[in-house]
Amino acid sequence: MNQDSTNIVIGVLALQGDFAEHIKMLEQCGVSAKAVRYAEELDHIDGLIIPGGESTAVAKLTDEGSAPIFSAIKAKIAPSEKVGASSAFSTPVNAMPVYGTCMGSIFLAKEIEGSSQGRLAVMDIKVKRNAFGPQRRSFESDLKIDALGSEAFPAVFIRAPVIVECGPKVQVLSAIDEGIVMARQDTLLVTAFHPEITNDLRVHQYFLGMVQEYRQAQSTAVRDSQVPEPAQV
Ligand code: GLN
């Protein structure tokens with residue numbers, strides 16, 4: 001984090017799952033973090049984390065239509081104008097960065113293998129739930145993730161999904177034999193594993209870098225919109 005990280009506020013969707021661990025992790029990264037439960041709260045954050053948990057439970061909330069927060073999140077994610085390609089990714093000025101962990105990745109996926117359960121369906125990925133089978137539900141594995149540096153990342157998988165297909169705009173950041181376990185599409189980031197229950201801050205710091213890019217794209221857009229028209233002669 002190079003500049004101005006202190007006034008970044010990250011929301012963590014707190015309807016279900018391990019949101020408290022993400023909040024602690026974000027605080028350790030030096031940013032403010034707050035639990036988000038209502039649509040209005042999305043207006044006061046710079047980025048959102050959707051934690052791990054049980055996707056069928058959250059899907060039920062969407063099916064019941066009891067949570068206007070889902071349509072509000074979708075509206076914040078869906079970009080209509082692309083501004084600023086600061087890296088291999090574009091940072092749409094009006095697309096709030098969102099990081100989905102495990103269940104969060106299922107919830108962001110356009111497709112879930114063999115299921116039509118409720119989800120946001122915003123990222124061009126197809127996921128397979130519980131991809132490691134019942135007998136190998138939880139395990140830890142050292143992952144090579146170039147985007148995080150040369151040191152392996154201690155990834156904890158808990159009844160995890162994998163990404164089995166992704167669209168051309170999706171960059172694979174880490175894959176194992178069973179499938180893709182970390183990926184990014186512009187302002188969307190997903191991991192099949194749970195960095196929030198390790199002591200390694202690097203995935204959260206990577207996401208905060210995306211949030212900084214987004215804020216820069218926003219302030220550039222505001223500045224450009226304020227440039228006066230040249231005087232007519
Ligand atoms: N297996 C869960 C699901 O399908 C995800 C588990 C997790 O988030 N750790 O929703």
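Residue indices begin at 1 and follow the sequence shown. Both ligands and their constituent atoms are indexed starting at 1 by order of listing.
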Would you confirm whether Thr198, through its side chain, and Pro195, through its main-chain N or O, come within 3.5 Å as a donor-acceptor pair? yes
Atom 5 (C) of ligand 1: nearest protein contact (heavy atom, Å): Gly53 O, 3.3 Å
Polar contact flag for Ile158 and ligand 1 (N/O pairs, less than 3.5 Å): yes
With only distance considered, is Asn130 within less than 3.5 Å of ligand 1 through an N or O on each side? yes
Distance under 6.0 Å and angle within 45° of ring axis: Arg37 vs Phe19: yes
Please list, in number order, the atoms of ligand 1 under 4.0 Å from a heavy atom of Gly52. 8 (O)
N/O of Ile106 under 3.5 Å from N/O of ligand 1, yes or no? no
Please determine if Arg184 and Asp186 form a salt bridge, counting it only when a charged side-chain N lies under 4.0 Å from a carboxylate O. no
Would one find an N or O of Thr56, backbone or side chain, under 3.5 Å from an N or O of ligand 1? no
Phe193 ring center near Phe153 ring center (under 6.0 Å): yes
Students often mix this up, so state it plainly: with edges at 30° and 60°, are the rings of His22 and His204 parallel, tilted or perpendicular? tilted
What is the nearest protein non-hydrogen atom to atom 10 (O) of ligand 1, stated with its residue, atom name and distance? Ser55 N, 2.5 Å
In the protein, what heavy atom is nearest to atom 4 (O) of ligand 1, and what distance, to one decimal place, separates them? Arg129 NE, 2.6 Å
Does Glu196 pair with Lys24 as a salt bridge, N-O distance under 4.0 Å? no
Considering only non-hydrogen protein atoms, determine which one is nearest to atom 7 (C) of ligand 1 and report residue, atom name and distance to 0.1 Å. Cys102 SG, 2.8 Å
State plainly whether the residues Glu111 and Arg129 are in salt-bridge range, i.e. N to O under 4.0 Å. no
